[in-house]
Enquirer: 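Below is one structure. I have some questions about it.
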Amino acid sequence: MVEELAQADAAVAACVDAAAWALSEQDLIAALDAAHRLEQRLAAVKLAVIRELDGRGTATAHRASSTVVWLRERLRLTIAAARRLVDLAAVLDTGNPGVRHALADGHITVDQARVIADTIDTAHTVAGPEAADKSLGVLVEWAGQFDPTLLRKLSTRILDHVAPDIADAAAEAALDAEARRATRDRHLTLSTLADGRLRLTATLDTETAGLLRATIDPLSAPSGPDDERSPGQRRHDALRDVCRLALRTGELPENGGDPAQIVVTTSYDGLTGQLGGGTLDTGLRLTPEAVRRLACDAAILPAVLNGAGQVLDLGRQRRLITGPLRRALVLRDRGCAFPGCDRPPRWCDAHHIHHWANGGTTSLDNAVLLCGHHHRHIHHSDWTVRLAADGHPEFTPPAWLDPEQLPRRNHYHRRT
Ligand SMILES: [Zn+2]
Ligand SMILES: [Zn+2]
């Protein structure tokens, strides 16, 4: 097999060197089809090899804890991708051999193979081997027309086609099997990128998906007519708001004896003079603006250092707008006070109008309630906020937005 693969490798190398621009459109499409088919057939070969290695216990012999872990190291895959390979290799080996053949012949794709194998397995359990064989024929034909997602949807009614008399009873069993698969395939991967951002990939089971949607969707709505964030950015910010709310409850389990919280380390100058930045406890650098905004928030603990690197306890209690003070603030502002925003108090931070690090007091006449998005906005844009003569907050837009700079108020929570 190694020799044949070396020949295939040489053939592929010749294709890489061939000039695609010289081909007619018809030939290009034929080349695309052929490359795609070859990819699936090669996948069948790879899966068979993986299955054999798994069966021989090669991973253990190489001191890896499992074939999945060994594959991750060997092929430099994510753990989730390695697990999918090992699982599918097992399913193709132990299930109906027709699926393996269809993949090896290039009639179906790897993702379709997964769907078909699962469906046939269910059909076999609820309707017997004959129905399973018939299902295979129908599904492979469908695979010629439908992508894996649609195929998965159609496959839930496969018995309507191959065993109509028991289809309804079986539909329930199929639903159960589907739910078990969703439970098996659930995962959430957090991979830290070099610049400190996080790539999040996940497949949520139905219940968790429902929970996430119920939580994120209302928070993902635009926060007013001036909200220029994309839907993706709004979902991102909604997730941030949910995490902050959870952190603020103080009910998360302790992490190595400390309460779950974020610590920002900064210098006194960094906090007061917008000079230098800060560092998150994850080691990540922050801009001075971000440090000042985060230090405004009760869920975040600023560790402020003096010139000698000693910790100055800068009125940790004094800076927090909590208890009766927060309740008074909620009564006054009734939600995010930014013009046009409809976020209720639960999603709001108490912002110090005059920053506490610069001597601003922690009192009602120096505080304003802002949602996460608008709190960020007030720290990072040229909008300013003050309390008007009647004691209610008003916001002044930057000159480039409104040359007359007329102060604006929130009319959502309080009609005037
Ligand atoms: Zn603030
Ligand atoms: Zn807001």
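Since the structure is predicted, the reported quantities are computational estimates derived from the model, not experimental observations. As the structure lists them, so they are numbered: ligands from 1, and atoms in each ligand from 1.
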Enquirer: Taking atom types as modelled, is there a side-chain donor on Thr208 or Asp205 under 3.5 Å from an acceptor on the other?
Expert: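 On atom types as modelled, these side chains qualify, holding a pair under 3.5 Å.
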Enquirer: Check whether any side-chain N or O of Asp349 sits under 3.5 Å from a backbone N or O of His351 as a donor-acceptor pair, and report yes or no.
Expert: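 No; zero donor-acceptor contacts below 3.5 Å.
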Enquirer: Can you tell me how the ring of Trp383 sits relative to the ring of Phe338, calling it parallel under 30°, perpendicular over 60° and tilted otherwise?
Expert: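 Trp383 and Phe338: tilted rings.
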Enquirer: Side chain of Glu394, backbone of Pro407: donor and acceptor closer than 3.5 Å?
Expert: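 Looks like no, no N/O pair under 3.5 Å.
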Enquirer: Strictly under 2.8 Å, is any N, O or S atom of Cys371 next to the Zn ion (ligand 2)?
Expert: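 Yes, Cys371 qualifies, because one of its backbone or side-chain N, O or S atoms lies under 2.8 Å.
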Enquirer: Quick check: does His379 put an N/O/S atom under 2.8 Å from the Zn ion (ligand 1)?
Expert: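 Checking the Zn ion (ligand 1) against His379, an N, O or S atom does fall under 2.8 Å.
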Enquirer: Closer than 2.8 Å to the Zn ion (ligand 2): does that hold for any N, O or S atom in His377?
Expert: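 No, His377 does not qualify, because none of its backbone or side-chain N, O or S atoms lies under 2.8 Å.
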Enquirer: Are any N, O or S atoms from Cys341 nearer to the Zn ion (ligand 2) than 2.8 Å?
Expert: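 It does: Cys341 brings an N, O or S atom closer than 2.8 Å to the Zn ion (ligand 2).
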Enquirer: Please identify which of these residues, Ile120, Leu154, Val115, Ile108, meets the side chain to side chain contact (heavy atoms under 4.5 Å, CB included) condition with Leu139.
Expert: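 One option only clears the test, and that one is Ile120.
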Enquirer: How about Leu369 and Arg332: do any of their side-chain heavy atoms sit closer than 4.5 Å?
Expert: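 No, every pair of side-chain atoms sits at 4.5 Å or beyond.
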Enquirer: What is the name of the N/O/S atom of His374 that is nearest to the Zn ion (ligand 2)?
Expert: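 Of the nitrogen, oxygen and sulfur atoms in His374, the Zn ion (ligand 2) lies nearest to ND1.
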Enquirer: For a distance under 2.8 Å, tell me if Cys336 has an N/O/S atom near the Zn ion (ligand 2).
Expert: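 So Cys336 counts as coordinating the Zn ion (ligand 2), yes.
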Enquirer: Please state the angle at the Zn ion (ligand 1) spanned by NE2 of His375 and ND1 of His351: what is it, rounded to 10 degrees?
Expert: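 About 110° at the Zn ion (ligand 1).
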